[in-house]
Structures are given as structure tokens and as C-alpha cells.
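Provided herewith is a single structure, encoded as C-alpha cells, for subsequent inquiry.
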Protein chains: 2
Amino acid sequence: MTSEDTAFGSVALDLMERALDAQGLRHTLPRRTMLEVVAGMGRPFTATELTERVAGRDPHIGRASVFRLLQLLRGSGLVERLHGPDGELYTLCLAREHHHHVTCTVCGQTATFSLEDDRAVARAVERIGFRMEHHVLQVFGVCPACREHTEEPSR
Amino acid sequence: MTSEDTAFGSVALDLMERALDAQGLRHTLPRRTMLEVVAGMGRPFTATELTERVAGRDPHIGRASVFRLLQLLRGSGLVERLHGPDGELYTLCLAREHHHHVTCTVCGQTATFSLEDDRAVARAVERIGFRMEHHVLQVFGVCPACREHTEEPSR
DNA sequence: ACCTAATTGATACACATTATCAGTGTTGAT
DNA sequence: ATCAACACTGATAATGTGTATCAATTAGGT
Ligand SMILES: [Mn+2]
Ligand SMILES: [Mn+2]
Ligand SMILES: [Zn+2]
Ligand SMILES: [Zn+2]
């Protein structure tokens, strides 16, 4: 774990606790443990992965509580559920502005990005008479690190 | 059912039968029945909805066969699975070029559209070093018909 | 008509998520 | 510190999709 990870983790932990506070929820030990684990996941994860890691810290914590926490965090917008090719993935996401996700099909790493002109999407559906309310854009590709291994240098 | 619906349905039915033929699959009564039902759905549907309508035509047809047919049709590209906010949706889709879907949040009707410049998406992720493989864009909004009822004329 | 492999429906299974519920722990008020 | 309200908990059952199995049926070429 690098110091950046630690710093990111504690910022994330802080934001999540604040978000739960803001909803008048209580501070409990299981919740604290689960939040620390969520903050420590460096990439999108399945509910099962999270459950396993949580069990590694405290085997008493039940599966239901993990799902309950995921729901709370999704409600506050700090965790999003993405549709991966092999099922649903949850991801910690601190960006508050509108954005999208790219997932590396090799290593699973996810990054966020924005379109230069997001309104192009609204315009596209307006051409067929729809008024856009919201949209979900999900991109799959190969991340910079994985490109090094798969793409021969072009020379 | 308007005559357009009927015409569309028979075109769709035809395409689906051809697609199954092309894979060397057999013509059976259950399959024919199910295909007719799929061709008759005017909008995205859940597997459960389809199963129910099929049962209305022939209660003997099993749930497994419905899922099997959906798989075959997805394999030939004539049916796509979309991630709706409340679970997976299947939709009959005859467009062969790259395109996207808009779903009306009021009536559920879906239409297809294309972006003027689809490569804008690839460019956006290239800016952060990713090479795009594919992307999924799903829009939610209000269709022309439903806009009439919800939007006051601006005068 | 006959053979073979595809297809079928019933059933069991796998999996993620949610609902229930009786006990427990947190919290704010006293 | 005491206390009562009620949020929270884990165990368990239930749901909802989708898949795997399998013996019986059937399509379709010969
Ligand atoms: Mn996000
Ligand atoms: Mn489509
Ligand atoms: Zn990667
Ligand atoms: Zn509509």
C-alpha cells in the first residue's frame, strides 16, 4: 500500500462517514470496519469480493450488513453500481460532477472521464423528438499500464 | 394493433426465422409461438414478461425454452439485453449498425439513435491513456408522445 | 418408415439481492 | 450514570434471474 493509497483511503473514509452522519445514521463497529474495507479497495469490486474481505477483518459481520451498507453508500452517491460484463460491480467514486467510467478489460482497473461536449447526447435524442433526462455511458478498453504489455511499440 | 405494427412484426418474425435457419436450427411449434410473441412486443421486456405472454398463448411452453430462445436471438444480434434501472431488459432490435437506445421513462417505449460523432467517446478516453474497445450508451428521457401530455405548450 | 441429433419441459441448481425478525447496541434526553 | 427509544445487527428465509441436467419427444434428412 503506497502512501497515496493511504491518503486516498482516509479521505474516502472521511467522506463516507460524513455522508452517513448527514443522514443521521449511527456509528457502529461493524460499519466502521466495512467502511475501512471499502475505502481500501482500489478498484471496482463485486459484493462477494467485499463480503470476503470484510469477513477477513471480522468474520462475525453478516452478508446482509454488507449489502445494507452498499445501499446506503449508493444512496449518498459515494458508491456506484456498474454493469460489468460478468455481473454487477460496485465502485467507490468521489467525483461529484457528471462523469463516466472506463473499465480496463485486462486488469479491471476503472477510471473516470468526461466528454468534451456532453450535450451532444441530448442533441442526438432531440433529433428524434425525445427530451433527455439522463444517460449512462460505459466504456470498456485497455488501460495505459496494460497497453504496455499488449501493444508492441510502433517502430 | 395497427397495420404498421403487423407489418413490422412480420418483418421481424421473418428476420428471426431466417437467423435461426442460418444457424441450422430446427423449426418447432414452441419456437414459432415464442418468435411470434417476441415479434409482437412493441418495447423492451423482461424475461418474465415474455414468459407470461408466451404462457398466454401456450401454457405448455416452459420457462427454460424462453431463456434458450432469448440466448439464440441474442447470439444472432436480433435481441439485445439492456440494463434498465430495475433489472435487465430484452429488446428486439433490427438495426445492424452501431447505435444506442433511448427509453421513455413514462411509457417504456424505446427508440434507437446514433451520435453525430461517435469517435468523440474514443477520444475522451484516449485523453487519459485508454484505448477504447467498445462502449454502451443508454439514454433515459421522455418520448414525443409522452411529451405532449406532460409538457404544456410554450405559449 | 427410420434413424439420429436437436429440442423440449420439468426439475434442480447457482447466484445476487432483499425481506423478516428477535436480540443488541447507540444515542440523546434525563 | 440511567434509561428508554429505536437504529442496527446477524441468522435465516425468501425472491428473482438465469443456467445445468436429463429423460422423453420430435424434426427432418435418408
Ligand atoms: Mn462515478
Ligand atoms: Mn439496439
Ligand atoms: Zn488494465
Ligand atoms: Zn413515452
Side-chain angles (χ1 to χ4, degrees), chain A residues 16-38 41 44-76 79-91, chain B residues 16-38 41 44-76 79-91:
Chain A
M16 289 191 287
E17 294 217 297
R18 256 194 255 291
L20 299 191
D21 280 350
Q23 301 186 40
L25 302 173
R26 294 182 177 171
H27 288 218
T28 70
L29 195 52
R31 229 165 229 177
R32 171 75 192 190
T33 302
M34 294 188 287
L35 287 180
E36 285 176 9
V37 175
V38 170
M41 321 242 19
F45 49 89
T46 63
T48 303
E49 279 178 279
L50 178 59
T51 304
E52 283 164 357
R53 290 218 202 178
V54 166
R57 289 270 222 112
D58 181 349
H60 286 185
I61 297 177
R63 221 163 26 114
S65 297
V66 173
F67 279 101
R68 279 189 285 246
L69 181 69
L70 284 175
Q71 274 206 165
L72 290 175
L73 293 175
R74 282 214 287 154
S76 68
V79 162
E80 296 178 25
R81 183 158 66 177
L82 314 174
H83 317 281
D86 302 311
E88 306 298 285
L89 294 175
Y90 297 84
T91 187
Chain B
M16 288 190 287
E17 295 217 297
R18 256 194 255 291
L20 298 192
D21 279 352
Q23 302 186 41
L25 302 173
R26 292 181 179 172
H27 289 221
T28 70
L29 194 52
R31 232 166 227 175
R32 171 77 192 189
T33 303
M34 291 189 288
L35 286 179
E36 285 176 11
V37 175
V38 169
M41 322 242 17
F45 49 89
T46 63
T48 303
E49 277 178 281
L50 178 58
T51 303
E52 283 166 356
R53 290 218 201 178
V54 166
R57 290 271 221 110
D58 181 347
H60 285 183
I61 297 177
R63 210 167 51 99
S65 297
V66 174
F67 279 102
R68 277 188 288 245
L69 181 70
L70 284 174
Q71 275 206 166
L72 290 175
L73 293 175
R74 282 215 287 154
S76 68
V79 162
E80 296 178 26
R81 183 157 65 178
L82 315 173
H83 319 281
D86 302 311
E88 305 298 285
L89 294 174
Y90 297 84
T91 186

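What's counted below: heavy atoms across the whole structure, side chains too, no hydrogens, waters or symmetry copies. Labels below follow one simple rule: chain letters A, B, ... track the order of the sequence lines, proteins then strands, and each chain is numbered from 1.
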For this session: In whole angstrom, give the distance that lies between atom CD of B/Glu49 and atom P of D/dT17.
Result: 10 Å

For this session: Could you say whether A/His60 or B/Thr46 is positioned toward the 5' end of DNA chain D, judged by the nucleotide with the nearest heavy atom to each?
Result: A/His60

Exercise. Distance only, no hydrogens: is a donor on one side chain within 3.5 Å (strictly under) of an acceptor on the other, for A/Arg31 and A/Thr28?
Worked result: no

Seminar exercise, completed: Here the distance between atom P of C/dT26 and atom CG of A/Asp21, to the nearest Å, is 15 Å

For this session: Please state whether the phosphate of D/dT19, meaning OP1 or OP2, lies under 4.0 angstrom from any side-chain nitrogen or oxygen of B/Gln71.
Result: yes

Exercise. DNA chain D: B/Tyr90 or B/Thr28, which has the more 5' nearest nucleotide?
Worked result: B/Tyr90

Problem set entry | Side chain of A/Arg26 - closest among D/dT19, C/dT7, D/dC8 | D/dC8

Seminar exercise, completed: Heavy-atom nearest pair, A/Leu89 first then A/Gly84, reads CD1-CA, 4.3 Å

Exercise. Atom CE of A/Met41 and atom OG1 of A/Thr46: how far apart are they, to the nearest 0.5 Å?
Worked result: 8.0 Å

Seminar exercise, completed: Testing C/dG9, C/dT17, D/dT9 for proximity to the side chain of B/Ser65, the answer is C/dG9

Problem set entry | No-H, no-angle donor-acceptor pair, B/Arg68 side chain to C/dG9 base, under 3.5 Å | yes

Seminar exercise, completed: When B/Ala64 and B/His27 are each assigned the nearest nucleotide of DNA chain C, the 5'-most assignment goes to B/His27

Problem set entry | Residue A/His27 excluded, over 12 heavy atoms near NE2 under 6.0 Å | yes

Exercise. Roughly, in whole Å, what's the span from CG in A/Leu25 to P in C/dT27?
Worked result: 11 Å

Problem set entry | Nearest-Å distance for atom pair CZ/P, residues A/Arg31 and C/dG25 | 15 Å

Problem set entry | Spacing between A/Gln23 atom CD and C/dT27 atom P, to the nearest angstrom | 16 Å

Problem set entry | Closest-nucleotide ordering on DNA chain C, the 5'-leading residue of B/Arg63 and B/Leu29 | B/Leu29

Seminar exercise, completed: Taken to the nearest whole Å, CG/B/Leu89 to C1'/D/dG16 is 14 Å

For this session: Indicate whether OP1 or OP2 belonging to D/dT17 is found under 4.0 Å from a side-chain N or O atom of B/Thr48.
Result: yes

For this session: May I have the distance from A/Met34 (atom CE) to D/dG10 (atom C1'), rounded to whole angstrom?
Result: 11 Å

Seminar exercise, completed: Rounded to the nearest 0.5 Å, the CZ atom of A/Arg32 sits from the CD atom of A/Glu36 at a distance of 4.5 Å

Exercise. Can you tell which of C/dT7, C/dT17, C/dT8 lies closest to the side chain of A/Ala47?
Worked result: C/dT17

For this session: From the options D/dG10, D/dT19, C/dT7, select the nucleotide whose nearest atom is closest to the side chain of B/Phe67.
Result: D/dT19

For this session: Calculate the interatomic distance between A/Leu72 atom CG and D/dT9 atom P; express it in whole Å.
Result: 9 Å

